[in-house]
Protein chains: 2
Amino acid sequence: MEPTTGDLTDPLINHADGQLFLHEAFKIIVEEVLCKGTDVKEKVCEWREPEELARLLDLELREKGEPQENLLQRVRDVAKYSIKTSHPRFFNQQFAGVDYHSLAGRFLSEALNTNLFTYEVAPVFVLMEAEVLRGLRALVGWTEGDGLFCPGGSTSNMYAMNLARYRLYPEVKSQGLRSLPQLTVFTSPESHYSVKKGAAFMGFGMDNVILVKGAVPFLVSCTSGTTVQGAFDPLDLIADVCDKHKLWLHVDAAWGGSVLFSKKHSHLMKGVHRANSVAWNPHKMLVAGLQCSVLLLKDTTDLLKKCHCANATYLFQQDKFYDVNLDIGDKSVQCSRKVDCLKLWLMWKAVGSAGLEQRVDKAFLHARYVVDQMKKREGFQLLGDVAPVIKERMMKQGTMMVGYQPLGDRVNFFRITILSPLVSQKDMDFFLDEIERLGNDL
Amino acid sequence: MEPTTGDLTDPLINHADGQLFLHEAFKIIVEEVLCKGTDVKEKVCEWREPEELARLLDLELREKGEPQENLLQRVRDVAKYSIKTSHPRFFNQQFAGVDYHSLAGRFLSEALNTNLFTYEVAPVFVLMEAEVLRGLRALVGWTEGDGLFCPGGSTSNMYAMNLARYRLYPEVKSQGLRSLPQLTVFTSPESHYSVKKGAAFMGFGMDNVILVKGAVPFLVSCTSGTTVQGAFDPLDLIADVCDKHKLWLHVDAAWGGSVLFSKKHSHLMKGVHRANSVAWNPHKMLVAGLQCSVLLLKDTTDLLKKCHCANATYLFQQDKFYDVNLDIGDKSVQCSRKVDCLKLWLMWKAVGSAGLEQRVDKAFLHARYVVDQMKKREGFQLLGDVAPVIKERMMKQGTMMVGYQPLGDRVNFFRITILSPLVSQKDMDFFLDEIERLGNDL
Ligand SMILES: Cc1ncc(COP(=O)(O)O)c(C=O)c1O
Ligand SMILES: Cc1ncc(COP(=O)(O)O)c(C=O)c1O
C-alpha cells in the first residue's frame, strides 16, 4: 500500500516494484521491438484506422492508477501497433534500422536523466559532447571551432541563421530586427523547408528566403544531400561567391553529412571546410537514433555564447570552484538540453570511424544496386499516379513502408531511403518485387 | 567477422551480438544508476577535475572499434562519473528522482525510434499525444484547444510568442518583423531567462521584453512558479488587463504547472483558464524525465498549423489514404520531433491523476517541513558568502547536491528544490544536518 500524503516517513516510490516492472518492460521491448520488429517474416506495420486504434489502446487518462499486468499489456500494445522503423523493409524515412550500441547509450542517457547546461550536473557529458563535436569537426576539416547538439536539424539551421545575423549586426540581440536593413537568405528551391520555417520563426519572413533587390544578403544556405533527391550543392563554387561578398556560408548537411566518413564519397562535400557552419544529423544516415543533430562552427571567437547568453545567475554563477567555461548551457537557446551525444559516442567507439565509413559505403552500394535492378525491370516507369494506391495496399498489408511524393510537374514517385546497416541485397530485391506485386493490376 | 563493404549479401549488424550487449548494458544501468545511484549510502557525485575525468573516460574517437568488454566498461564508467540525479540527496535542479513507469516508457520510445510528424510513421503516438494534451488541457480548464510537445520549456515559450505575433499580424510569417511596429513583451523581472533568449532569437530583441513607450505590446508572459523563488503571478488580475487590451496572455508554468493536479494547491494558478497559452514541463515537478514539455493552447482556429506550416510535399501529401489532419508535423517548427508523450502517458496510467496529485502535495509538505526545521535551527541565517565554499566541499565529498545563487542585492543562498517522489523526511533532515556539518567552521 502506498503511504498517505501526510506521512513524510516513506517515499512514494518503491524501488523493488519499480525495477521489477522495468525488467518486464525491457523483456517486452526486446521481444516485440527488437526481435519481432526486425524479423522479415513479421509485418512492418499493423495498420488500424485511427478510431479503432484509439479504442484498442484505451488512451484515456483516469483518476486511478492501474495494476502492473495491465501496464505491461499496454507496453506490449504500444509496441504492437507502432511502426517497426528498424525493420529491414522500412524505407519510408531518412531514419531506419537500429544500432545496439547507440540504443544502449540511449537507455543509459535516459536512466541518468541529466541536463547539459552545467559541468556540475553533467561532467561526463560536457566533456563527451566536446569530444564528439571535435571528432565531427575534424571530418569537416577544422582543427578548431565550436558547436552544439540541437534538437534536430531544423533547430541547427535556425542557429546558423541567428549566428550569421548576429555576426553582422550584434545589436540585433538587444534591439531586434526592426532597426536593421531587410535581411535575406539565399538558398536553392531544393533546400529543406526548415530554412523557410526558421526564417518565419526568427522574424525574417519566409519571403526573404530568396533574393530581394535592395535587401542585404547575409547567409547562403547550401544543402549537402537534399531531402528528396539527395543532391549535393557544389560547395567550392558557392564558397568563392561567399568569400567575395563576405557572406556566411552555412551547409545544411543534415542528411548528407555522413559521407564525410567515407573516403570514397566525401568528395561530394568538397570545400565544406570553407563553410562557417555545418548542420549534420547523425540520427539520419548514421542510425544514431532520434534526436541526434549537431551544429558545427568554424568560429573561434565565442560567437555562440555571445549570441545566445542570458547569464542566468541561478545556473551560471561566476564564483564556482571550477572553470565556468565548462558550463556550456548559455551557448544554447534552450535551457534544459537533453544528452544526445552519448549514443553517438558509444556507437562510434564500438565500430570506429572505419565501421561508420563501411556503413555509409554500403548504403551507396545498396542504392546503386536498386537503381541497376530497376532499370532491368519493365514497368518501373509507371505512367499514371498509382503511388497513393500502392502505398495504401502496402500499409494495410504491412509488408513494407516507403514514401512517395510528387516532384515539380511530375506525378507521385516512390522515394526509397536506404541507410540501415540491417539491410542487405535480399531486402532490395524484396522492395522491387513488392512494388510490382502491389501494383501489378494497376 | 564483419562482411566487407562490397558484399551485399549480409547486413552489417548482428542482432544476437547486439542484443547480448544491450542485455549486459541494461544490467549495468540497473546496478549502477538505479540501485547504487539511489542508495543514500552511496555518493551523489564522484567529483573529478575535468582533465582527470577526460583521461579516465578515454573519450577519444578512433579509426578502429573496440571489443564488447571494453565498451561495457565504458558504460560502467559513464554511469560511475555521472551525477546521480535520482539520488534522494540530489536537490540541485528542478528535476530529480526517477519514476520507473516513465523510464520504461522512455526505453520503449527509444527502441521504437520514430518521429512525430505523420500518422503513418507514428500512429500510436499521434493519438497518444493528443490524449495527453487533452488531459493536461482539462486541468487548465479547457474542453477544446490545441497544443504540442516541445523540446523544453524555452521552446514552448518561444512558440507562444510566435503565435501571439502571428495572430496580431499574420503577414509576419511571409514578410518578417521589419514592416511591423515595434512589438514588446511584458513580463516580470522574475520570469525565466528563456523569455529574453526567445525574444532575441525571434528577432524582437531582448530590450523589448519590457515596456517601451510607443511600442505595441502583444503578449504578457506570466510565470506560475518562478525559477528561483517559486512565486506565482496573480493570473486573474493580469487576465483582466489582457482582456481589456486584447493582449495574448501566456502563462509560463514550466515549473509550477503541476500544481493543477492538486486540489489543495491549484488555487495558485486560479484564472489560468483565461490564458491563451500555457507552457508546462512535466519533466520538472512530475519527474517524467528530460525532455517532456508541452505548450497548451486555447485556440480552436488551427493557429498553430497556420503559423508554422510549410506544406512540404514529401511528408504531408494531401492525397493520402487517411485523414491528413493526423499528420501533425506541420504544427511544429521542428521537422524530426522526438516522442515525448509516452513516458508521461505510461506514468499517468500507472498512478492515475490521484497518484500525481499525491506527489505534488507531498513535495509541498516536504518544503514546508524544511522551512519549519530551518527556523528551529540556529545559524541558518548565514551572513557571509559561504555558499560557494560549502558547495565545493559538498561536491568533492559527494554527499549531496544543492544549488546556490545570489538574489537581488543579497549574497548567495542555497536553493533547495524538492520534488522527487523518492525522498522522505530523513532526506530533509539530512540536508539540514549536512549544510551545518559542511559549513560549521565558516
Ligand atoms: C536536408 C535536410 N535538412 C534539414 C532537415 C531537418 O532535420 P530535422 O528533421 O532533424 O529537423 C532535414 C530532414 O529531413 C533534411 O533532409
Ligand atoms: C519558469 C521557467 N520557465 C521556463 C523554463 C525553461 O524550461 P526548459 O529548461 O525546459 O527549457 C524554466 C526552467 O527552469 C523555468 O523555471
Side-chain angles (χ1 to χ4, degrees), chain A residues 5 8 11-13 18 22 25 29 33 54 59 61 63-65 81-82 100 104 106 110-112 124 127 131 135 151-152 154 173-177 193 197 200-201 203-207 291 310 312-314 319 321 333-336 338 348 351-353 358 361 388 392 405 421-422 424-425, chain B residues 5 8 11-13 18 22 25 29 33 54 59 61 63-65 81-82 100 104 106 110-112 124 127 131 135 151-152 154 173-177 193 197 200-201 203-207 291 310 312-314 319 321 333-336 338 348 351-353 358 361 388 392 405 421-422 424-425:
Chain A
T5 313
L8 295 190
L12 284 171
I13 287 180
L22 194 66
I29 290 172
V33 184
L59 290 169
L61 297 158
E63 187 63 19
K64 288 189 65 173
Y81 296 111
S82 286
Y100 288 96
R106 285 179 265 160
E110 292 297 333
L112 287 168
V124 171
L127 301 179
E131 187 57 34
S154 304
K173 185 175 175 183
S174 53
Q175 294 164 25
L177 279 175
Y193 68 76
K197 279 203 181 190
F201 195 67
F204 298 113
M206 281 190 170
D207 287 353
Q291 56 194 40
T313 53
Y314 80 98
D319 53 5
F321 65 95
V333 296
Q334 300 186 271
C335 171
S336 302
K338 220 179 134 39
W348 196 337
V351 298
S353 308
Q358 192 186 23
D361 287 349
E392 178 170 4
Q405 65 166 101
L422 299 180
S424 64
Q425 185 177 320
Chain B
T5 312
L8 295 190
L12 284 170
I13 286 180
L22 194 67
I29 291 171
V33 184
L59 290 168
L61 297 158
E63 188 62 19
K64 288 190 63 173
Y81 296 111
S82 286
Y100 288 96
R106 286 179 265 158
E110 291 297 334
L112 287 168
V124 171
L127 301 179
E131 186 58 35
S154 303
K173 185 175 175 185
S174 53
Q175 294 164 24
L177 280 174
Y193 68 75
K197 280 204 180 190
F201 194 68
F204 297 115
M206 280 191 171
D207 288 354
Q291 53 194 38
T313 52
Y314 80 98
D319 52 5
F321 65 94
V333 297
Q334 300 185 270
C335 171
S336 302
K338 221 180 134 37
W348 196 335
V351 299
S353 308
Q358 191 186 25
D361 287 348
E392 178 170 3
Q405 66 166 103
L422 298 180
S424 63
Q425 185 176 320

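Every chain is numbered from 1 and lettered A, B, ... according to where its sequence line falls, protein lines coming before strand lines.
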What I'd like to find out is whether the side chain of Pro151(B) reaches to under 4.5 Å of the side chain of Gln334(A), using heavy atoms alone. yes
Once you measure the plane-to-plane angle for Tyr193(B) and Tyr314(A), does it fall in the parallel (<30°), tilted (30-60°) or perpendicular (>60°) bin? tilted
Among Leu177(A), Leu59(A), Leu22(A), single out the residue with the greatest number of heavy-atom pairs under 4.5 Å to chain B. Leu59(A)
What part of Val333(A) gets within 4.5 angstrom of chain B, counting heavy atoms only: side chain, backbone, both, or neither? both
Could you look at Lys64(B) and say if it's the side chain, the backbone, both or neither that has a heavy atom under 4.5 Å from chain A? backbone
Partner chain B: residue of Ala310(A), Gly135(A), Ala54(A) with the largest heavy-atom pair count (under 4.5 Å): Ala310(A)
Sort out for me which of Ser174(B), Gly176(B), Gly203(B) touches chain A most, counting heavy-atom pairs under 4.5 Å. Ser174(B)
Residue Tyr81(A) versus chain B: region with a heavy atom under 4.5 Å: both
Chain B contact via Ala104(A) - which portion, at a heavy-atom distance below 4.5 Å: both
Minimum heavy-atom separation for Ala111(B) and Ile29(A), please, with both atom names. CB-CG2, 3.5 Å
With respect to chain A, which residue among Ala200(B), Ser154(B), Pro421(B) yields the maximal number of heavy-atom pairs within a distance under 4.5 Å? Pro421(B)
Report the option among Gly152(B), Ser336(B), Ala25(B) that has the most heavy-atom pairs separated by less than 4.5 Å from atoms of chain A. Ser336(B)
Taking every non-hydrogen pair under 4.5 Å, which of Glu131(B), Gln175(B), Glu63(B) racks up the most with chain A? Glu63(B)
Among Leu112(B), Asp319(B), Leu61(B), Val124(B), which residue forms the greatest number of heavy-atom pairs with chain A at distances under 4.5 Å? Leu61(B)
